[in-house]
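Some notes on the structure that comes next.
Everything numeric in this text was worked out from a predicted model, so none of it was measured. The chains referred to below are lettered A, B, ... by the order of the sequence lines, with proteins before strands, and numbering in each begins at 1. For the numbers below, each heavy atom of this structure counts, side chains included, while hydrogens, waters and symmetry mates do not.
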Amino acid sequence: DTEVTQTPKHLVMGMTNKKSLKCEQHMGHRAMYWYKQKAKKPPELMFVYSYEKLSINESVPSRFSPECPNSSLLNLHLHALQPEDSALYLCASSKPGQSQETQYFGPGTRLLVL
Amino acid sequence: GQSLEQPSEVTAVEGAIVQINCTYQTSGFYGLSWYQQHDGGAPTFLSYNALDGLEETGRFSSFLSRSDSYGYLLLQELQMKDSASYFCAVKDSGNTGKLIFGQGTTLQVKP
(Lines give C-alpha, C1' and ligand atoms only; values in the text may rest on other atoms or scores of the structure.)
Protein backbone atom coordinates (compact mmCIF):
# COMPACT_ATOMS: atom_id res chain seq x y z
CA ASP A 1 0.00 0.00 0.00
CA THR A 2 1.71 3.18 -1.21
CA GLU A 3 -1.24 5.45 -0.73
CA VAL A 4 -1.83 8.49 1.41
CA THR A 5 -5.51 9.27 1.81
CA GLN A 6 -7.03 12.59 2.76
CA THR A 7 -10.54 13.62 3.70
CA PRO A 8 -12.49 15.58 2.80
CA LYS A 9 -11.60 16.23 -0.84
CA HIS A 10 -13.30 19.60 -0.80
CA LEU A 11 -14.26 21.86 2.07
CA VAL A 12 -16.08 25.17 2.19
CA MET A 13 -16.14 26.94 5.51
CA GLY A 14 -16.99 30.28 6.98
CA MET A 15 -14.55 32.32 8.98
CA THR A 16 -16.19 31.33 12.26
CA ASN A 17 -16.32 27.60 11.59
CA LYS A 18 -14.20 24.86 13.09
CA LYS A 19 -13.28 21.96 10.84
CA SER A 20 -10.64 19.26 10.62
CA LEU A 21 -8.66 17.76 7.77
CA LYS A 22 -7.63 14.13 8.05
CA CYS A 23 -4.74 12.20 6.57
CA GLU A 24 -3.91 8.52 6.80
CA GLN A 25 -1.08 6.30 5.57
CA HIS A 26 -0.29 2.63 6.12
CA MET A 27 3.21 2.51 4.70
CA GLY A 28 4.84 2.48 8.12
CA HIS A 29 6.26 5.94 7.51
CA ARG A 30 7.22 7.76 10.69
CA ALA A 31 7.47 11.25 9.18
CA MET A 32 4.31 13.10 8.15
CA TYR A 33 3.86 16.56 6.72
CA TRP A 34 1.26 19.21 6.08
CA TYR A 35 1.73 21.50 3.10
CA LYS A 36 -0.28 24.40 1.75
CA GLN A 37 -0.32 25.03 -1.98
CA LYS A 38 -1.69 28.01 -3.83
CA ALA A 39 -2.46 27.87 -7.54
CA LYS A 40 0.62 27.84 -9.80
CA LYS A 41 2.95 27.77 -6.77
CA PRO A 42 5.04 25.02 -5.19
CA PRO A 43 3.89 23.30 -2.00
CA GLU A 44 4.77 25.30 1.08
CA LEU A 45 5.63 23.36 4.22
CA MET A 46 3.52 24.00 7.30
CA PHE A 47 4.31 21.23 9.81
CA VAL A 48 6.45 18.12 10.13
CA TYR A 49 5.83 15.28 12.55
CA SER A 50 8.59 12.79 13.19
CA TYR A 51 7.78 9.72 15.26
CA GLU A 52 4.47 11.35 16.23
CA LYS A 53 6.20 14.42 17.64
CA LEU A 54 5.99 17.87 16.09
CA SER A 55 9.46 18.62 14.78
CA ILE A 56 8.83 21.62 12.54
CA ASN A 57 6.28 24.42 12.70
CA GLU A 58 6.99 26.89 9.93
CA SER A 59 5.62 29.82 11.92
CA VAL A 60 2.10 28.84 10.96
CA PRO A 61 -0.70 30.96 12.50
CA SER A 62 -2.36 29.36 15.51
CA ARG A 63 -5.66 29.10 13.65
CA PHE A 64 -4.06 25.97 12.16
CA SER A 65 -3.51 23.27 14.77
CA PRO A 66 -1.91 19.95 13.82
CA GLU A 67 -2.33 16.69 15.66
CA CYS A 68 -0.75 13.27 15.20
CA PRO A 69 -2.83 10.76 17.19
CA ASN A 70 -0.75 7.77 16.06
CA SER A 71 1.84 6.77 13.49
CA SER A 72 -0.75 6.40 10.71
CA LEU A 73 -2.91 9.45 11.24
CA LEU A 74 -2.40 13.17 10.91
CA ASN A 75 -5.03 15.82 11.48
CA LEU A 76 -5.13 19.54 10.83
CA HIS A 77 -7.67 21.43 12.92
CA LEU A 78 -8.91 24.68 11.45
CA HIS A 79 -10.51 27.52 13.35
CA ALA A 80 -11.32 31.13 12.50
CA LEU A 81 -9.65 30.95 9.10
CA GLN A 82 -9.28 33.87 6.73
CA PRO A 83 -10.20 33.96 3.04
CA GLU A 84 -6.48 34.03 2.17
CA ASP A 85 -6.20 30.57 3.74
CA SER A 86 -8.11 29.16 0.79
CA ALA A 87 -5.73 26.70 -0.88
CA LEU A 88 -4.99 23.05 -1.51
CA TYR A 89 -3.83 21.36 1.69
CA LEU A 90 -1.58 18.42 1.08
CA CYS A 91 -0.52 15.73 3.47
CA ALA A 92 2.63 13.72 2.80
CA SER A 93 4.60 10.98 4.47
CA SER A 94 8.09 9.56 4.23
CA LYS A 95 10.55 7.40 6.04
CA PRO A 96 12.46 9.60 8.46
CA GLY A 97 16.12 10.47 8.12
CA GLN A 98 17.93 10.07 4.83
CA SER A 99 14.80 9.10 2.90
CA GLN A 100 12.92 12.32 3.50
CA GLU A 101 13.45 13.47 -0.05
CA THR A 102 11.04 10.77 -1.15
CA GLN A 103 7.69 11.97 0.04
CA TYR A 104 4.35 10.43 -0.81
CA PHE A 105 1.57 12.96 -1.15
CA GLY A 106 -2.12 12.51 -0.63
CA PRO A 107 -4.63 13.94 -3.12
CA GLY A 108 -5.19 17.00 -0.98
CA THR A 109 -8.15 18.88 0.45
CA ARG A 110 -9.23 21.86 -1.57
CA LEU A 111 -10.32 24.45 0.99
CA LEU A 112 -12.40 27.53 0.33
CA VAL A 113 -12.88 30.02 3.15
CA LEU A 114 -15.75 32.43 2.70
CA GLY B 1 19.55 30.44 2.34
CA GLN B 2 18.55 27.94 -0.26
CA SER B 3 17.03 28.54 -3.66
CA LEU B 4 16.28 26.59 -6.80
CA GLU B 5 15.84 27.96 -10.29
CA GLN B 6 13.95 26.22 -13.05
CA PRO B 7 12.23 27.50 -16.19
CA SER B 8 8.61 28.48 -15.70
CA GLU B 9 7.29 26.92 -18.90
CA VAL B 10 8.39 24.45 -21.54
CA THR B 11 6.47 23.37 -24.63
CA ALA B 12 7.20 20.30 -26.73
CA VAL B 13 5.45 18.01 -29.18
CA GLU B 14 4.33 14.47 -28.66
CA GLY B 15 7.13 11.97 -29.20
CA ALA B 16 9.86 14.53 -28.62
CA ILE B 17 12.46 14.75 -25.87
CA VAL B 18 12.46 17.59 -23.36
CA GLN B 19 14.93 18.57 -20.67
CA ILE B 20 13.93 20.57 -17.60
CA ASN B 21 16.89 22.16 -15.86
CA CYS B 22 17.27 23.02 -12.21
CA THR B 23 20.09 24.96 -10.60
CA TYR B 24 20.33 25.24 -6.87
CA GLN B 25 22.09 27.20 -4.19
CA THR B 26 22.26 25.51 -0.83
CA SER B 27 24.42 25.70 2.25
CA GLY B 28 24.17 21.95 2.73
CA PHE B 29 23.23 19.47 0.03
CA TYR B 30 21.97 15.92 0.28
CA GLY B 31 20.42 15.32 -3.12
CA LEU B 32 17.98 16.57 -5.75
CA SER B 33 14.43 15.27 -6.09
CA TRP B 34 11.90 15.67 -8.85
CA TYR B 35 8.13 15.69 -8.48
CA GLN B 36 5.36 15.74 -11.06
CA GLN B 37 2.01 17.38 -10.45
CA HIS B 38 -0.92 17.25 -12.82
CA ASP B 39 -3.44 20.06 -12.73
CA GLY B 40 -5.75 19.50 -9.77
CA GLY B 41 -3.68 16.56 -8.55
CA ALA B 42 -1.08 15.88 -5.91
CA PRO B 43 2.69 15.93 -6.38
CA THR B 44 4.11 12.52 -7.26
CA PHE B 45 7.70 11.58 -6.58
CA LEU B 46 9.64 10.87 -9.77
CA SER B 47 13.30 10.55 -8.90
CA TYR B 48 16.11 11.34 -6.51
CA ASN B 49 19.80 11.86 -7.24
CA ALA B 50 22.31 11.99 -4.41
CA LEU B 51 25.37 11.23 -6.54
CA ASP B 52 26.60 12.67 -9.81
CA GLY B 53 25.33 11.02 -12.94
CA LEU B 54 22.24 9.89 -14.73
CA GLU B 55 19.46 7.81 -13.21
CA GLU B 56 17.01 6.26 -15.64
CA THR B 57 13.48 5.14 -14.86
CA GLY B 58 11.59 4.22 -18.00
CA ARG B 59 10.99 7.28 -20.18
CA PHE B 60 12.21 9.61 -17.45
CA SER B 61 15.84 10.21 -16.48
CA SER B 62 17.35 12.55 -13.96
CA PHE B 63 20.87 13.91 -13.90
CA LEU B 64 22.94 15.58 -11.21
CA SER B 65 26.22 17.44 -11.21
CA ARG B 66 27.12 18.37 -7.66
CA SER B 67 30.14 20.41 -8.74
CA ASP B 68 27.91 22.58 -10.96
CA SER B 69 24.96 22.67 -8.51
CA TYR B 70 22.84 21.59 -11.45
CA GLY B 71 20.47 18.87 -12.38
CA TYR B 72 17.90 18.11 -15.01
CA LEU B 73 14.93 15.92 -15.68
CA LEU B 74 14.83 14.35 -19.13
CA LEU B 75 11.53 13.15 -20.54
CA GLN B 76 11.67 11.01 -23.65
CA GLU B 77 8.97 9.89 -26.07
CA LEU B 78 6.70 12.58 -24.74
CA GLN B 79 3.04 11.74 -24.33
CA MET B 80 0.09 14.05 -23.85
CA LYS B 81 -0.28 12.75 -20.30
CA ASP B 82 3.16 14.19 -19.47
CA SER B 83 1.63 17.67 -19.54
CA ALA B 84 2.04 18.71 -15.92
CA SER B 85 4.11 20.82 -13.58
CA TYR B 86 7.51 19.51 -12.60
CA PHE B 87 9.24 20.59 -9.40
CA CYS B 88 12.82 20.07 -8.38
CA ALA B 89 13.43 19.99 -4.64
CA VAL B 90 16.23 19.76 -2.11
CA LYS B 91 16.19 18.95 1.55
CA ASP B 92 16.71 21.80 3.96
CA SER B 93 20.33 22.18 5.02
CA GLY B 94 19.40 21.56 8.63
CA ASN B 95 18.39 18.01 7.73
CA THR B 96 15.03 18.63 9.32
CA GLY B 97 12.95 16.90 6.69
CA LYS B 98 11.82 20.15 5.15
CA LEU B 99 11.84 20.11 1.36
CA ILE B 100 12.61 23.30 -0.53
CA PHE B 101 10.83 23.29 -3.89
CA GLY B 102 11.64 25.18 -7.04
CA GLN B 103 8.86 27.32 -8.48
CA GLY B 104 7.93 24.57 -10.91
CA THR B 105 8.08 24.14 -14.67
CA THR B 106 4.82 23.79 -16.56
CA LEU B 107 5.29 21.36 -19.42
CA GLN B 108 2.79 21.52 -22.23
CA VAL B 109 2.88 18.65 -24.69
CA LYS B 110 1.23 19.40 -28.02
CA PRO B 111 0.00 16.88 -30.58
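Residues L45(A) and L78(A) are members of separate hydrophobic clusters, defined by side-chain heavy-atom contacts under 4.5 angstrom among Ile, Leu, Val, Met, Phe, Trp and Tyr. One hydrophobic cluster, built from ILVMFWY side chains closer than 4.5 Å, cannot hold both L64(B) and Y48(B); they sit in different ones. Cluster membership for L54(A) and Y33(A), using ILVMFWY side-chain heavy atoms within less than 4.5 angstrom, is not shared. A single hydrophobic cluster is seen to contain both F47(A) and Y89(A), as judged by linkage of ILVMFWY side chains at heavy-atom distances under 4.5 Å, directly or through other members. Hydrophobic clustering of Ile, Leu, Val, Met, Phe, Trp and Tyr side chains at less than 4.5 Å, counting indirect connections, unites M13(A) with W34(A).
The minimum heavy-atom distance linking L88(A) with G41(B) is given by the pair CD2-O, 4.1 Å. A pairwise comparison of heavy atoms in Y35(A) and L99(B) identifies OH-CB, 3.9 Å as the closest pair. The minimum heavy-atom distance linking P43(B) with F105(A) is given by the pair O-CB, 3.3 Å.
Annotation: residues 107-114 of chain A contacts chain B through P107(A), R110(A) [non-hydrogen atoms, separation under 4.5 Å].
Of the possible donor and acceptor atoms, none in the side chain of Y104(A) sits under 3.5 Å from a partner among the backbone N and O of F45(B).
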Name each donor-acceptor pair under 3.5 Å that joins a side chain in residues 68-81 of chain B to protein atoms two or more places apart or in another chain, with its distance.
from	atom 1	to	atom 2	distance (Å)
D68(B)	OD2	S65(B)	OG	3.0
Y70(B)	OH	Q19(B)	NE2	3.1
Y70(B)	OH	N21(B)	OD1	3.0

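Of the inter-residue distances, the one linking F101(B) atom CZ with E44(A) atom CD reads 11.5 Å to the nearest 0.5 angstrom.
By the 6.0 Å contact criterion, CG on D39(B) is open, its count of non-hydrogen atoms from other residues, nucleotides or ligands being 12 or less. The number of heavy atoms from other shown groups lying within 6.0 Å of CD (E5(B)) does not exceed 12. Residue K38(A) places its NZ atom among more than 12 non-hydrogen atoms of other residues, nucleotides or ligands, all under 6.0 Å distant.
Looking at S85(B), there are no atoms closer than 4.5 Å to chain A (heavy atoms on both sides), in backbone or side chain. At a 4.5 Å heavy-atom cutoff, the contact between Q37(A) and chain B is made by side-chain atoms alone.
The side-chain heavy atoms of E58(A) and K98(B), taken from C-beta on, include a pair separated by under 4.5 Å.
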